Amino acid sequence: MLNNRLKRLEELVNITHQIQVKIENEVVKTTDLAKPAPIYRKSYVPAVSAALKENMETAIIIGPYGSGKTSAIVNAIMMRMLTIPPCDDGIRRYRCVIIRNTSSDLESTVLNTWNFWAQNFPSPHRNKRPFMLYTYRIWDEKGLIEAEIMFLALDREEDYRKLASLEATDIYFNELQFITKSIFEHAHQRINRYPAKTLFDKQYNAKKDGKYTKWQPYKSYIFCDTNPPEEDHWISKLEEKINNNKIKGMKVYHQPPALIEDENGIYKINSKADNLAFVGEKYYLNMLNNGREYIRVYGQGKYGLVTSGKQVYPNYNDDLHSMYNMHIDAEYGVIMGWDYGEICPACLLAQEHDGRLFVFKEFIGDRMTVTELFKTAVLPFLNKYFRDQVIECVGDPANTYHGQEQLEECGIDAEPAITNNPEVRISAVRDLLGNLVGGKAQLCIAREGCPELRKGFTSKYHYKRLRVLGDERYRDVPEKNHPYSDIHDALQYIVLHIFGMPAINDNDEESQYEAYMSKNKLLNDDRSDITGY
């Protein structure tokens, strides 16, 4: 014990000869002149730097691709290592747990970022079992720092057990959207646990309150970054609670978009975007070929969803074709569209007036019959808002699982749609999306009433990519992915029922129908009795 104290005293005496890092203008720098190391500039990311400066206990930063989120938080953690208060023996102790959803993502993303900026520090001692651990022993002008950076992969509900025995100063969630809510919540009980308060006894005894419960020798933080998840993700719901002052000590920060639209709907670079000076304008301009939803999520940092498939409706504009608080007038009656199916029957309710179609409510069953879905969900809604009103009904002409007969037994007379040809059905909706009536979209979706239909439009209803080497090819019919394909089938039946066949510049309706059908490879008679494809 005496030898250890003498060794520590000797280290403190020789501190001036052992300085390895320093803080200069809020930047961590190495003192090793022979070791060129990168210098971090907060000016590259003014928005995220301002967010971190607020010192919120839990900070969630959402932004576009390439916006410097990870580098900013990594450098904030490095600054924390050097500024944590000393224990009674003069040593500053720090432990941060960095969490990503999978080991491969952890090593290919945030670990690489850490290693790049940590070149300012002396090389750590590395362990890989039972988890990846970097142990640093660093000297600065104030003395010795002993720091541990732990890298963990957590993506399942049961993974919270890995956190159960951990004691940390701070925790950093990289790409929070891939972490479960339970793990995020559990993490708040693992911070402010290291170093132990008993290591601050001398400082504690100098306090007047006499209780640890009223004195914290250091503050702990949970840092989070993420690209935008989908709108109904738990992060979005958490942000709503935070904004309504239902949760304290947390804040969600949104970085400025990298791409903005001018008055003509043309995308241009936002000069106020974070990290633009580092990644360059071309990085974001290359996104313009990837579609509006891709730009919305990865170029503008807005909630949304992008898949690897190709959108069925690339002309869908979520800002134009969807709305909150859609007004429904019972006097116009209801058009009901059905896609029958045992796995996932789907029903849509819509109204048509003034030449526009308003789709305001969706019903989707999970392993239910058409009868069960109608009686338990659709009928109570109709009785509440549309009692004694006119109801039109159109359904899948394939009549899968005898859905038409099931509705007849419920008192609903369902007409079969005029065709089940997927190309015709899709073209009918696509044409509607391209039309304006009185300067407003002819097709309008209720955001709150039709969340799955809207997800389908933005990304989920898509053509699946084929695994063809050297070429980007997709299937010629949309992927049957429940419930998105089912609810979109229901919409297509409604559109055909109200507006008829897509126009092909022929005044004769009968010849129009025949000409359109002859153009398509998939004829009505070739359809599947189950899927319609």
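Only a predicted model underlies this, so the values are computations on that prediction, with no experimental measurement involved.
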Colleague: Would you sort out whether Asp489 and Lys480 count as a salt bridge (charged side-chain N to carboxylate O under 4.0 Å, His left out), showing the intermediate values?
Modeller: CA-CA 10 Å; Asp489 286 352; Lys480 287 298 281 186; 3.3 Å; yes
Colleague: Under 6.0 Å between the ring centres of His402 and Tyr340?
Modeller: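 Centroid separation for His402 and Tyr340: 6.0 Å or greater.
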Colleague: Which heavy-atom pair separates Met326 from Cys444 by the least distance, and what is that distance?
Modeller: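 It is CE-O, 3.6 Å.
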Colleague: Inspect the surroundings of CD in Glu240 and state if more than 12 heavy atoms from other residues, nucleotides or ligands are less than 6.0 Å away.
Modeller: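 12 or below, so no.
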Colleague: Tell me, yes or no, whether the heavy-atom count around Phe278 atom CZ, taken from other residues, nucleotides or ligands under 6.0 Å, exceeds 12.
Modeller: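 No, not enclosed.
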Colleague: Only one of Arg454, Lys455, Lys237 clears salt bridge (charged side-chain N to carboxylate O under 4.0 Å, His left out) with Asp232; which?
Modeller: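 Filter result, single survivor: Lys455.
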Colleague: Evaluate Asp319 against Arg296 for salt bridge (charged side-chain N to carboxylate O under 4.0 Å, His left out), listing each step before the verdict.
Modeller: CA-CA 10 Å; Asp319 295 325; Arg296 173 185 174 85; 3.7 Å; yes
Colleague: Specify whether Tyr221 and Phe223 have parallel, tilted or perpendicular ring planes, treating 30° as the upper limit for parallel and 60° as the lower limit for perpendicular.
Modeller: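 Tyr221 and Phe223: parallel rings.
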Colleague: Going by the side chain to side chain donor-acceptor pair (under 3.5 Å) test, which pairs reach into residues 322-332, not counting sequence neighbours?
Modeller: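 Those involving residues 322-332 are Asp318-Ser322, Ser322-Arg447.
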Colleague: Return yes if a side-chain donor-acceptor contact under 3.5 Å exists between Gln177 and Asn101, otherwise no.
Modeller: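 Gln177 vs Asn101: no donor-acceptor pair found between side chains.
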Colleague: So, Glu409 and Lys375, do they make that salt bridge, N to O below 4.0 Å?
Modeller: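 No, this pair does not count.
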Colleague: Rounded at 0.5 Å granularity, tell me how far CD in Glu362 sits from CD1 in Ile445.
Modeller: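 Glu362 atom CD to Ile445 atom CD1 measures 9.5 Å (nearest 0.5 Å).
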Colleague: Could you check whether Glu231 and Ser236, counting side-chain N and O atoms only, form a donor-acceptor pair closer than 3.5 Å?
Modeller: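 No - no donor-acceptor pair under 3.5 Å links their side chains.
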